[in-house]
Amino acid sequence: MTNTEKTITDFTDKEINALKNLLESNDKEAYSVNKSFHTVWFKSESSEAELRVAFLMNIQLIISRVCVSHKRQGIMTTVLKELIRICERKNVHKIVMQSVLTPECAAFCEKNNFIPNPSTSFKSGDIICGDLVLNI
């Protein structure tokens with residue numbers, strides 16, 4: 001494969017189940033899973049909690065729609081560690097936290113060494129909003 005060729009990257013059922021189990025055990029919520037193309041949605045069955053993860057070929061993993069019921073409990077830190085392991089196995093070297101809009105998500109990104117994408121981020125008050133990137 002040449003440098004310009006891209007390959008399709010997708011989540012395996014085992015990876016999806018591992019992420020679902022992490023969410024359910026740490027957030028103490030039952031989650032449903034909806035897989036569509038290269039995107040996986042985890043949605044709580046009883047609250048507004050949800051998480052969307054999607055591969056953009058083998059270029060990057062996109063995280064969006066981050067909302068957990070039990071905040072500041074390390075849930076997303078645990079999920080991020082698992083997503084990094086998945087990306088490393090699939091030779092994907094970039095994770096994008098898409099559409100950061102809240103101080104909590106911005107603080108999470110800063111704590112975990114995400115950097116603003118200069119093309120898709122902006123400062124709003126005291127936080128950096130938009131897309132933030134973690135190079136792994």
Side-chain angles (χ1 to χ4, degrees):
M1 178 168 46
T2 68
N3 288 341
T4 58
E5 290 181 272
K6 303 297 179 203
T7 59
I8 302 294
T9 303
D10 216 345
F11 287 97
T12 66
D13 290 341
K14 183 177 178 182
E15 292 164 341
I16 292 168
N17 286 332
L19 290 166
K20 181 178 185 280
N21 290 338
L22 283 174
L23 284 167
E24 289 182 335
S25 64
N26 289 292
D27 203 21
K28 311 207 181 0
E29 296 263 356
Y31 279 80
S32 63
V33 176
N34 184 356
K35 184 177 177 185
S36 176
F37 297 101
H38 311 291
T39 301
V40 180
W41 285 79
F42 299 91
K43 292 187 178 186
S44 168
E45 296 177 3
S46 61
S47 74
E48 298 293 316
E50 66 180 332
L51 173 67
R52 177 184 171 269
V53 290
F55 279 107
L56 176 60
M57 307 210 39
N58 65 340
I59 300 168
Q60 63 191 26
L61 173 72
I62 301 165
I63 303 172
S64 64
R65 307 292 300 176
V66 176
C67 179
V68 294
S69 295
H70 298 87
K71 298 180 185 339
R72 303 192 62 79
Q73 302 297 312
I75 297 165
M76 277 309 298
T77 299
T78 302
V79 169
L80 179 62
K81 287 178 183 176
E82 182 63 21
L83 290 171
I84 290 170
R85 283 191 287 273
I86 291 169
C87 285
E88 288 172 339
R89 285 193 303 266
K90 296 178 183 296
N91 204 27
V92 173
H93 301 286
K94 187 185 297 185
I95 297 177
V96 176
M97 183 71 75
Q98 191 175 58
S99 301
V100 172
L101 297 173
T102 64
E104 295 85 3
C105 192
F108 173 83
C109 287
E110 183 177 350
K111 175 184 131 191
N112 287 285
N113 302 313
F114 283 76
I115 57 172
N117 178 330
S119 301
T120 58
S121 63
F122 59 95
K123 188 158 175 101
S124 177
D126 293 336
I127 67 169
I128 303 293
C129 296
D131 296 353
L132 288 89
V133 179
L134 176 64
N135 293 304
I136 53 174

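The chain is numbered in sequence order, starting from 1.
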Are Val53 and Val33 joined in one hydrophobic group, where the rule is that I, L, V, M, F, W and Y side chains link up if heavy atoms are under 4.5 Å apart?
yes

What closest approach, in Å, do Val92 and Asn58 show between heavy atoms, and which atom pair accounts for it?
CG2-O, 3.9 Å

About how many Å separate [atom2] of [Y] and [atom1] of [X], when rounded to the nearest 0.5 Å?
{"X": "Ile16", "Y": "Lys20", "atom1": "CD1", "atom2": "NZ", "value": "11.0 Å"}
{"X": "Leu56", "Y": "Leu61", "atom1": "CG", "atom2": "CG", "value": "10.0 Å"}
{"X": "Leu51", "Y": "Leu22", "atom1": "CG", "atom2": "CG", "value": "11.0 Å"}
{"X": "Cys67", "Y": "Lys43", "atom1": "SG", "atom2": "NZ", "value": "11.5 Å"}
{"X": "Ile86", "Y": "Thr9", "atom1": "CD1", "atom2": "OG1", "value": "12.0 Å"}
{"X": "Asp131", "Y": "Thr120", "atom1": "CG", "atom2": "OG1", "value": "3.5 Å"}

Donor-acceptor contacts, no H, no angles, side chain residues 97-107, under 3.5 Å, sequence neighbours left out:
residue : atom : partner : partner atom : Å
Thr102  : OG1  : Cys105  : N            : 3.1

Contacts of [X] that satisfy side chain to side chain contact (heavy atoms under 4.5 Å, CB included) - sequence neighbours left out:
{"X": "Glu88", "answer": "Ile84"}
{"X": "Glu45", "answer": "Ala30, Ser32"}
{"X": "Lys94", "answer": "Gln60, Val96, Val133, Asn135"}

Please name all residues satisfying side-chain hydrogen bond (donor to acceptor under 3.5 Å, both in side chains) with Glu110, sequence neighbours left out, ordered by chain then number.
none

Are [X] and [Y] side-chain neighbours, meaning at least one heavy-atom pair lies under 4.5 Å?
{"X": "Ile115", "Y": "Leu132", "answer": "no"}
{"X": "Phe114", "Y": "Leu80", "answer": "yes"}
{"X": "Glu29", "Y": "Ser47", "answer": "yes"}

Look at the side chain of Asn112 and the backbone N and O of Phe108, then say whether any donor-acceptor pair between them is shorter than 3.5 Å.
yes

Look only at the side chain of Asn117 and the backbone of Ser119, and say whether a donor-acceptor pair between them is shorter than 3.5 Å.
yes

Assess whether atom NZ of Lys35 is packed by more than 12 heavy atoms of other residues, nucleotides or ligands within 6.0 Å.
yes

Is the count of non-hydrogen atoms from other residues, nucleotides or ligands lying under 6.0 Å from Arg65 atom CZ greater than 12?
no

For residues 9-66, pull every pair meeting ring pair (Phe, Tyr, Trp, His ring centres under 6.0 Å), keeping only residues two or more places apart or in separate chains.
Phe11-Phe55

When Arg52 is tested against each of Ile62, Val66, Asn34, Ile63 for side chain to side chain contact (heavy atoms under 4.5 Å, CB included), which residue passes?
Ile62

Can you check side-chain contact (heavy atoms from CB on, under 4.5 Å) on Leu19 and Val79, steps first, answer last?
CA-CA 7 Å; Leu19 290 166; Val79 169; 4.1 Å; yes

Is any side-chain N of the basic residue among Glu15 and Arg89 closer than 4.0 Å to the acidic one's carboxylate O?
yes

We want to know whether Ser44 and Glu50 form a side-chain donor-acceptor pair, criterion being a heavy-atom distance below 3.5 angstrom.
no

